[in-house]
Amino acid sequence: MGLKLPKVTSMQSIYRAVVHDPSCICCLPLASRTLFSSLATCHDAEGREFPHREQSQDLTRSVDILTAKIGKGNSEEDILRSLISDEAVNGIHPSQNLINRLLCRYKNDWKSALGIFKWASFHSNFKHSQESYDMMVDILGRMKVMEKMGEILEEMREESLITLDTIAKVMRRFAGTRQWKDAVRIFDDLQIFDLEKNTESMNVLLDTLCKEKFVEQAREIYVELKHYIAPNAHTFNIFIHGWCKIRRVEEAHWTIQEMKGYGCRPCVISYSNIIQCYCQEQNFDRVYELLDEMQAQNCSPNVITYTIIMCALAKAKKIDEAFQLVERMNSTGCKPDTLFYNSFIYALGRAGRIDNAMHVFKVAMPKAGVAPNTSTYNSMISMFCFYAQEEGAFGILKEMEDSDRCKWAFVLFEEMVDQDIVPRYRTCRLLLDEVNRINMYEAAEKIEILMKKL
DNA sequence: GTAGGGTTAG
């Protein structure tokens, strides 16, 4: 193909390709060139996404001083020592904003993160927020430094900052490193953290174990616990998911019976899990049987159920059958969403059905009032690039450009709010509509909160 | 984190 971008999966990768070989940019139409130059200016040398205005200059200066001092390869104690003894650093007072920013930057470098974290704790008038503690626990857990993670957890306990969310993270990290017994131990010791052993916390433990395929262990623990903690529908769905995950569909069926025995009705989640299991086996006869059974049980399949089946059909190269399924879904009045269309477009692309994919993107989605998001664009661009249709890829890029502009608008909006410049109601309304159209849900939420105050 | 994407870049 004429384009020097053989595999394009995201805007970022296009951007990187252009940075790597600037001559690439000549292949791009004007609209995309404009886009790239705007992208280029909105990444500074540190890879931060947007330029920082004056209001955050102090913060930025502190970040620069600290990061210059931290260096690499030291232990966290060394980092702490060098920070404490540095004159320039001494002029900096830690703030929660500053610490969170640095923890974000060093999320893949636990020694630097912990060094900074301890440096802040060293200031007697500074206290870490719960958010910073959770971030620190997460960094150490992800890097599998379990001992240090335990130390931070202990500090949190002393400050009474531990929530079930914190515990859930810790459990999942243990189970993720195959130390499932430690996850169970945390649950056993829950009262140490001032938390209760109840259905909710039990479900967290069972879900953690099941997600890491320790389903039998979870089952044994549950058999003990159920005498004094009542299971609920979630509990059973967690097990159904677990059994399906390790491809033991018989046990999943058995769990359905068990949940009925407890007076819990199997729901669309229970059935969708089992359907997914049959989908993995490409046992579509059973899938259709289950769909019928759901209908008979007055438990309608939803868009997630249909997405699961549609993906599996497409993967099994049963494209026409996938189209029939979409029709069946529409006939039941089940509305497709963005994720469904993304999967559909992706599947059609892989099957070489470019025209069909284009039709879904251009006609079906707007008609259903479903907005594309970045993944939709990515699927379309990847497809066009794979089949060497650069014209099509650029068409999608053009559309993305418009929505990138919206992100910029939102960044400016946030800066205004930060500086206590109150936007007009009408400005908010315009931005909110636009932000909703392209699925920037978090942005929409922030704008809505502000609008309520107006 | 009780269920659904994102070719396989390095």
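The figures here come from the full heavy-atom set of this structure, side chains too, leaving out hydrogens, waters and symmetry mates.
- Looking at residues 254-291 of chain A, you'll see A/V268, A/I269, A/S272, A/N273, A/Q276 sit with a heavy atom under 4.0 Å from some atom of DNA chain B.
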Decide yes or no on salt bridge (Lys or Arg N to Asp or Glu O under 4.0 Å) for A/E220 and A/K181, but give the supporting numbers first.
-> CA-CA 12 Å; A/E220 279 175 32; A/K181 285 184 180 171; over 6 Å; no
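- Candidate nucleotides B/dA3, B/dG4, B/dT2 were compared by shortest atom distance to the side chain of A/N237, and B/dT2 ranks first.
- Rounded to whole Å, atom C1' of B/dG4 lies 9 Å from atom CE of A/M310.
- Rounding to whole angstrom units, CG of residue A/L313 and C1' of B/dG4 are separated by 14 Å.
- Residue A/I308 is in sugar-phosphate contact alone, with no base atom involved, counting any heavy-atom pair closer than 4.0 Å across all strands shown.
- At a threshold of 4.0 angstrom between heavy atoms, the contacts of A/F340 include nucleobase atoms, whether or not backbone atoms are also involved.
- The ring-ring contact (aromatic ring centres under 6.0 Å, His included) check on A/F284 picks up nothing, with sequence neighbours excluded.
- In the set B/dG4, B/dT2, B/dG6, the nucleotide with an atom closest to the side chain of A/Y346 is B/dG6.
- Regarding the sugar-base torsion, B/dG6 falls in the syn class, its angle being within 90° of 0.
- Between the P atom of B/dG6 and the CZ atom of A/F384 lies a distance of 19 Å, rounded to the nearest Å.
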Listed pairs under 3.5 Å, donor-acceptor, residues 133-146 of chain A side chains, sequence neighbours left out:
from: A/Y133; atom 1: OH; to: A/E155; atom 2: OE1; distance (Å): 2.9
from: A/D134; atom 1: OD1; to: A/T166; atom 2: OG1; distance (Å): 3.0
from: A/D138; atom 1: OD1; to: A/R173; atom 2: NH2; distance (Å): 3.2
from: A/R142; atom 1: NH2; to: A/K107; atom 2: O; distance (Å): 2.6
from: A/R142; atom 1: NH2; to: A/N108; atom 2: OD1; distance (Å): 3.3

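- Applying the salt bridge (charged side-chain N to carboxylate O under 4.0 Å, His left out) criterion to A/D355, with sequence neighbours excluded, gives no partner residue.
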Going by atom type alone, with no hydrogens or angles, which donor-acceptor pairs under 3.5 Å involve a side-chain atom of residues 288-299 of chain A and a protein atom two or more places apart or on another chain?
from: A/Y288; atom 1: OH; to: A/E321; atom 2: OE2; distance (Å): 2.9
from: A/E289; atom 1: OE1; to: A/R286; atom 2: NH1; distance (Å): 2.5
from: A/D292; atom 1: OD1; to: A/R328; atom 2: NH2; distance (Å): 3.3

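- Aromatic pair A/F384/A/F394: ring centres not closer than 6.0 Å.
- Among B/dA3, B/dT2, B/dG4, the nucleotide with an atom closest to any side-chain atom of A/T305 is B/dA3.
- Counting distance only, with no hydrogens placed and no angle test, the side-chain atoms of A/N378 and the base atoms of B/dG5 include no donor-acceptor pair under 3.5 Å.
- The residue A/N203 sits apart from the nucleic acid: no heavy atom pair falls under 4.0 Å.
- The interatomic distance linking A/D337 (CG) with B/dG5 (C1') rounds to 11 Å, in whole Å.
- Between A/K211 and B/dA3 there is a side-chain N or O to OP1 or OP2 distance below 4.0 Å.
- For residues 292-335 of chain A, the pairs satisfying ring-ring contact (aromatic ring centres under 6.0 Å, His included) are A/F323-A/F344, with sequence neighbours left out.
- With rounding to whole Å, A/N373 atom CG is found 10 Å from B/dG6 atom C1'.
- Contact of A/S375 with B/dG5 (side chain to base): a donor-acceptor pair of N or O atoms is detected under 3.5 Å.
- Using a distance-only test at 3.5 Å, with no hydrogens or angles considered, a donor-acceptor pair links the side chain of A/Y387 to the main chain of A/G349.
- At the heavy-atom level, A/V303 lies under 4.0 Å from base atoms of the strands shown.
- One C1' atom belongs to B/dT2, the other to B/dG6, and the distance between them is 23 Å to the nearest Å.
- Regarding A/M365, its CE atom lies at a distance of 12 Å from the C1' atom of B/dG5, rounded to whole Å.
- Residue A/I345 contributes atom CD1, which lies 15 Å from atom P of B/dG5 at whole-angstrom precision.
- Between the P atom of B/dG1 and the NE2 atom of A/H241 lies a distance of 13 Å, rounded to the nearest Å.
- When heavy atoms are screened at a 4.0 angstrom cut-off, A/D207 is found touching the sugar-phosphate backbone but no base atom.
- Looking at A/S343, its side chain has no donor and acceptor atom pair within 3.5 Å of the base of B/dG5.
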